[in-house]
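A short write-up of the structure that comes next.
This one's a predicted model, so the numbers in the text were calculated from it and none came from an experiment.
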Amino acid sequence: MKDGMGLGTKVSFGVIGVSFVILVAVKMSELLNKAKNYVNDKVANMPKPEASVADVDFMRVGKDGVEYLAKVNVSNPYSTPLPICEIKYSLKSDGREIASGVIPDPGSLKANGTTLLDVPVKVAHSILVNLIRDIGRDWDIDYQLDLGLVIDIPCVGNITIPVSQKGEIKLPTLKDMFTGGSKNTDPAPAPATT
């Protein structure tokens with residue numbers, strides 16, 4: 001042996017080296033877990049936008065179906081406007097989904113305030129015909145509206161605010177069907193923006 005170290009000494013240094021690498025990896029893993037937990041705690045406890053459905057009402061009858069309008073209040077606790085990436089909706093009656101869709105890029109939430117969003121929900125005529133058979137005398141349907149507002153929060157990323165509302169909405173009358181009845185004279189609702 002030219003370098004003066006025996007095989008046993010080389011094995012010992014090898015074991016010590018491997019042990020050191022394992023120890024460093026374990027410590028790094030612990031440090032990363034602590035950092036991840038710290039960030040998760042901070043994100044979980046930071047204020048987030050909140051939303052509630054203010055109203056769902058009959059809007060108009062069109063050639064493709066009946067349009068309802070959900071008015072959604074969204075509060076933004078931050079001093080900067082927040083972009084809304086999309087709004088996903090699902091309207092159910094008697095446990096059946098009767099309408100669903102996505103509204104891409106509906107605008108932004110006002111800074112330090114509440115924004116009223118208009119969410120148009122279209123129900124096809126064919127589905128309404130099936131609902132009318134099940135209705136009876138009161139001419140309204142029990143519904144559940146589920147919304148998912150996808151909002152982009154800087155440094156955090158996209159979060160989804162789930163909102164759910166149950167209630168009753170009126171079906172259009174026969175007069176509405178033949179005259180294209182509408183509660184609103186605007187040509188089409190536009191999502192609220194800042």
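With values rounded to the nearest 0.5 angstrom, I84 atom CD1 is found 6.0 Å from L149 atom CG. Separation of atoms OG (S164) and CG (L145) is listed at 7.5 Å; rounding is to 0.5 Å. We find the CG-CG distance between L116 and L109 to be 11.5 Å, quoted to the nearest 0.5 Å. Atoms NZ and OH, on K122 and Y68 in that order, are 14.0 Å from each other to the nearest 0.5 Å. Rounded to the nearest 0.5 Å, atoms OH (Y78) and CG (N112) are 11.0 Å apart. In this structure, K92 NZ and D146 CG are separated by 5.0 Å, a value rounded to the nearest 0.5 Å.
Counting only heavy atoms from C-beta outward, the side chains of F58 and V66 approach each other to under 4.5 Å. Counting heavy atoms from C-beta on, the side chains of D57 and L69 never come closer than 4.5 Å. In this structure the side chain of L147 never reaches within 4.5 angstrom of the side chain of S90, judged on heavy atoms.
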(message) Please determine whether salt bridge (charged side-chain N to carboxylate O under 4.0 Å, His left out) holds for the pair K88 and E86, giving the CA-CA distance in whole Å, both sets of side-chain angles, and the decisive distance to 0.1 Å.
(response) CA-CA 7 Å; K88 300 174 187 177; E86 66 183 15; 3.6 Å; yes
(request) Decide yes or no on side chain to side chain contact (heavy atoms under 4.5 Å, CB included) for L91 and Y143, but give the supporting numbers first. (result) CA-CA 7 Å; L91 181 65; Y143 74 88; 3.9 Å; yes
(request) Mind running side chain to side chain donor-acceptor pair (under 3.5 Å) on E50 and S75 for me, showing each step along the way? (result) CA-CA 5 Å; E50 295 180 1; S75 65; 4.8 Å; no
(request) Begin with the C-alpha distance, continue with both residues' side-chain angles, and end with the deciding distance and a verdict on salt bridge (charged side-chain N to carboxylate O under 4.0 Å, His left out) for D142 and K166. (result) CA-CA 7 Å; D142 295 328; K166 290 183 179 182; over 6 Å; no
(request) Check step by step if side chain to side chain contact (heavy atoms under 4.5 Å, CB included) holds for V74 and L117. (result) CA-CA 8 Å; V74 187; L117 298 173; 3.7 Å; yes
Listing, residues 99-106 side-chain donor-acceptor contacts under 3.5 Å, not counting sequence neighbours, or none:
none

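Pairing each heavy atom of T114 with each of N73, the nearest pair is CG2-CB, 4.0 Å. Scanning all heavy atoms of the two residues, the minimum distance from A51 to V163 falls at CB-CG2, 3.4 Å. For L82 against P154, the heavy-atom pair with the smallest separation is CD2-CD, 3.7 Å. Nearest heavy atoms, S93 versus I141: OG-CB, 4.0 Å. Between V119 and I87, the shortest heavy-atom distance links the atoms CG2-CD1, 4.1 Å.
No continuous path of hydrophobic side-chain contacts links I153 to V150 [ILVMFWY only; heavy atoms under 4.5 Å].
Side-chain atoms of H125 come within 3.5 Å of backbone N or O of G62 as a donor-acceptor pair. Listed for the S108 side chain is no donor-acceptor partner under 3.5 Å among the backbone atoms of P81.
Residue pairs that meet the salt bridge (charged side-chain N to carboxylate O under 4.0 Å, His left out) test with at least one member in residues 147-162, sequence neighbours left out, do not exist here.
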